[in-house]
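What you see below is based on every heavy atom in this structure, not just the backbone, and it leaves out hydrogens, waters and symmetry mates. The first residue in the sequence is number 1, and the count goes up from there.
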Amino acid sequence: MSNNGKSSGELNYVTANRFYVEMENSITASFSECSGLGVKINKKPYREGGVNDQQRIILGEAEFSDITLKRGMTDDLTFWDWVSSIVGDYKQPSLPIERRNINILLFNQAGETMQYWTLIAAVPVGWKAPALQADSSSVAIEELTLAYEGLKIEKPGGGKVVTSFKSGRGKSGYFG
């Protein structure tokens, strides 16, 4: 079977080094690494009386793993300002926690967005400064760790609409 010259079973693989991270629907920094994205669904085995050769699996809540973003240190304090607002301004301790939707976009060599993940209601739960060494010549890397309440995975033009995701980029991504 063919669809516009492509086999219906053909998959479009992309490399893991082509990604962007959006915060509040704009790219605020370039990241060298994004790790930890995942979900685990808790399960509980249940054994029925008299059925000794199998078990039932009862599914529970989903647990989203923390995600770690790494980037070269710059003079941009966007992430530190966000972390600092969570740690708290002692003059205004009643401020609400600022949660943000974070989009992680994976694109192909042509610059087309292939898939994206939306971290719903993300909050910073960790920030780490780089190790400083007088004899080092490597780039200083800072880390931001985020926890989030939900996850949506989408393929542009491929189905359901994500109501929490509004973007100003075109169908073909940032390079289209």
Side-chain angles (χ1 to χ4, degrees), residues 14-42 60-108 111-156 160-170 172-176:
V14 294
T15 58
N17 65 335
R18 301 180 63 87
F19 69 97
Y20 280 133
V21 178
E22 285 183 333
M23 183 175 2
E24 300 299 315
N25 298 317
S26 65
I27 297 173
T28 55
S30 293
F31 290 92
S32 59
E33 187 177 330
C34 173
S35 62
L37 184 61
V39 62
K40 177 185 174 191
I41 300 171
N42 292 321
E61 307 83 26
E63 286 184 19
F64 301 99
S65 57
D66 291 350
I67 187 168
T68 300
L69 301 170
K70 295 181 182 181
R71 73 171 185 157
M73 194 85 173
T74 68
D75 60 355
D76 179 13
L77 296 177
T78 302
F79 300 113
W80 174 249
D81 290 342
W82 189 21
V83 171
S84 181
S85 73
I86 302 296
V87 171
D89 181 355
Y90 297 107
K91 297 174 187 173
Q92 298 178 349
S94 62
L95 289 176
I97 294 173
E98 187 177 353
R99 298 176 188 276
R100 298 179 179 175
N101 288 350
I102 304 293
N103 302 309
I104 302 166
L105 299 96
L106 185 64
F107 59 98
N108 64 14
E112 300 166 331
T113 303
M114 300 303 297
Q115 184 171 318
Y116 58 89
W117 298 267
T118 300
L119 310 178
I120 299 168
V123 291
V125 294
W127 178 84
K128 189 178 192 181
L132 304 174
Q133 299 170 336
D135 62 345
S136 176
S137 62
S138 62
V139 175
I141 302 292
E142 72 174 323
E143 294 181 22
L144 177 68
T145 303
L146 302 174
Y148 49 100
E149 295 181 356
L151 176 66
K152 292 193 179 191
I153 301 174
E154 296 293 322
K155 178 180 172 184
K160 60 184 178 177
V161 175
V162 180
T163 56
S164 62
F165 182 76
K166 298 174 186 169
S167 179
R169 66 185 175 282
S172 61
Y174 281 103
F175 302 107

4.5 Å side-chain heavy-atom contact, Leu146 and Ile102: yes

Spell out, as yes or no, whether a donor-acceptor pair under 3.5 Å connects the side chain of Tyr148 to the backbone of Ile67. no

Heavy atoms of Ala147 and Val125 approach each other most closely as CB-CG1, 3.7 Å

Which heavy atom of Lys155 sits nearest to which heavy atom of Met114, and what is that distance? CG-O, 3.5 Å

Would a distance-only check, ignoring hydrogens and angles, find a side-chain to backbone donor-acceptor pair under 3.5 Å from Trp82 to Glu98? yes

Is there a donor-acceptor pair closer than 3.5 Å between any side-chain N or O of Ser65 and the backbone N or O of Gly36? yes

Can you tell me how far NZ of Lys70 sits from OG of Ser35, rounded to the nearest 0.5 angstrom? 6.0 Å

Starting at CD of Glu22, measure out to CZ of Arg100 and round the result to the nearest 0.5 Å. 13.5 Å

Which atom of Pro124 lies closest to which atom of Leu144, heavy atoms considered: CB-CD1, 4.0 Å

Report the C-alpha separation of Phe107 and Phe19 in whole Å, then their side-chain angles, then the decisive distance to 0.1 Å, and conclude whether the ring pair (Phe, Tyr, Trp, His ring centres under 6.0 Å) test is met. CA-CA 6 Å; Phe107 59 98; Phe19 69 97; 8.4 Å; no

Working to the nearest 0.5 Å, report the span between OG1 of Thr113 and CG of Asn103. 10.5 Å

Find out whether Ile120 and Lys152 are in side-chain contact, i.e. whether some heavy atom of one side chain is under 4.5 Å from a heavy atom of the other. yes

Quick one: do Glu154 and Tyr116 satisfy side-chain contact (heavy atoms from CB on, under 4.5 Å)? Show the steps, please. CA-CA 5 Å; Glu154 296 293 322; Tyr116 58 89; 3.5 Å; yes

side-chain contact (heavy atoms from CB on, under 4.5 Å) evaluation trace for Glu33 with Leu69: CA-CA 6 Å; Glu33 187 177 330; Leu69 301 170; over 6 Å; no

First locate atom CD of Gln115, then atom CG of Asn108, and finally report the distance between them rounded to the nearest 0.5 Å. 12.5 Å

Leu119 and Leu151: side-chain contact (heavy atoms from CB on, under 4.5 Å), yes or no, with the steps? CA-CA 5 Å; Leu119 310 178; Leu151 176 66; 3.8 Å; yes

Does this structure show an ion pair linking Glu142 with Arg71, if we count only N-O contacts that are shorter than 4.0 Å? yes

Student check: side-chain heavy atoms of Thr145 and Trp127 closer than 4.5 Å: no

Side chain of Asn101, backbone of Ala121: donor and acceptor closer than 3.5 Å? yes

